[in-house]
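Some notes on the structure that comes next.
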Amino acid sequence: MSGARQIAADVRSGAVRARDVVEEHLERIAARDGEINAFNLVLADEARATADAVDARVAAGDDPGPLAGVPIALKDNLCTHGIPTTCSSRILEGWRPPYDATVVQRVAAAGAVAVGKANLDEFAMGSSTENSAFGPTRNPRDPSRVPGGSSGGSAAAVAAGFAPLSLGSDTGGSIRQPAALCGVVGVKPTYGSVSRSGLIAFASSLDQIGPFATSVADAALLLDVIAGPDPLDSTSSPEAHVPVLPVLDQGVAGLRIGIVDELVDAEGVEPEVRAAVLAAAAALEAAGAVVDRVSVPSVVYGLSAYYLIAPAEASSNLARYDGVRYGLRVDGPDLATMNARTRDAGFGPEVKRRIMLGTYALSAGYYDAYYGKAQKVRTLIVRDFARAYGTFDALLSPTSPTVAFPFGAKADNPLAMYLSDVCTIPTNLAGHPAMSVPFGTGADGLPVGVQVMADAVQEPVMFRVAQVLEAAAPGGGAA
Ligand code: GLN
């Protein structure tokens, strides 16, 4: 055992003090976050106080919970009571949420120690964390490269050893793609299985919160803490979460695994990435799974449908930033001018692009041709996956077509950037779970992630596959 599970076990038994654990992680942050920029805000004093409270409970004979004393980074689009929550946007400048996100409450109740608010692409729109108002995050595996995005800060925090666990959000790949690029495990749970209450909305029909960790088992530990019904989120599933940690080691003998043709051969997939997926499939076969190729034809339209549906929902969700209710205000002679000046100064270029795309896709005259058509494509994707899951228990593909790319490589070409998400988007459209597991290296020795997908609420199967892949990964899996 190592990582989060080891820390929690040691703190619960009294062998190690949560305060010492947090000091060690704060030291690492102080030493290297100047370079990495994983955090918008480090919560050093709060973390020390939380750790002391955990230690006091242990001393009193209480059990602080399954995450006792484990440092955790929180993506800065998760509301934290009284603590600035920025979405890496200027428009929320000075705003402090009046409540904690449900996931923030749940990790705290499990004994975790929040060490900071992690950087992201503004409002989670991007694939490189270059769209942050607070400067980009650097990839700890190669600081001249992006960490991926939008949860680049959360991925980098775990990869750099600033915290063994972090939380991110995934609307089109924002947990899985940065996990792949930073060489850590990242999980997008089934839509509705983790409460979105207190996650600042990007595209509400797609957004999901999920864990980052250095191992599959640590990711399972965190998922089991955050998942489950929540009356504060009307889209939260009423079904109890089936814990994944207890089934992790059940193996894959007899499981049917499909390699998705359209994704393994998608535009721009690097040869080393394709080779890693095929090697992962071979490892599963060697462990007793039945592996075959499968066609999921409509996933090739996923990217186009997503870049209509997500901006459409975003244009509606972001209408609330009007200079009155939250954060920044730039005054003007009348209300409309104040609204316009505030939004012009507060939003960065990618957010403006999405609002314009979404507003256009929803406008009278274009609604049927764009938004309506995209929704039909979404239905086709759901049907194609249903057909595939009639034959297969889990599906495999690349997570990202490429390894981590240099800063600026795609920043001026939105389409090239959007193509980073070609393999991850289809499962968001379907609402299914998917996760990225490190599996060897590609160009320049940088980490490659293999994506494991499963049908809705089939996280237990997905994690069993991931666990076997981690054990079989060249060089021993996660960073
Ligand atoms: N990169 C995708 C986008 O820019 C996905 C982002 C996300 O999952 N939040 O929309």
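The chain is numbered in sequence order, starting from 1. Just follow the structure's listing: the first ligand is 1, and inside any ligand the first atom is 1. Owing to the predicted nature of the structure, the values given are computational and were not obtained by experimental measurement.
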(message) Looking at D421, is its backbone amide N or carbonyl O close enough to the side chain of T424 to form a donor-acceptor pair, meaning the two atoms are under 3.5 Å apart?
(response) yes
(message) Rounded to the nearest 0.5 Å, what separates atom CG in L429 from atom OG1 in T379?
(response) 10.0 Å
(request) Output the distance between atom OG1 (T85) and atom CH2 (W95), rounded to the nearest 0.5 Å. (result) 6.0 Å
(message) Given a heavy-atom cut-off of 4.0 Å, could you list the residues near ligand 1 in chain and number order?
(response) A124, M125, G126, S127, S150, D170, T171, G172, G173, S174, F202, Y306, Y307, R354, D421
(request) Report the residues that fulfil salt bridge (charged side-chain N to carboxylate O under 4.0 Å, His left out) with E350, sequence neighbours left out, ordered by chain and then residue number. (result) R353, R354
(request) Please check if the side chain of E130 supplies one atom and the backbone of D121 the other of a donor-acceptor pair under 3.5 Å. (result) no
(message) Is the distance from the ring center of H432 to that of F385 below 6.0 Å?
(response) yes
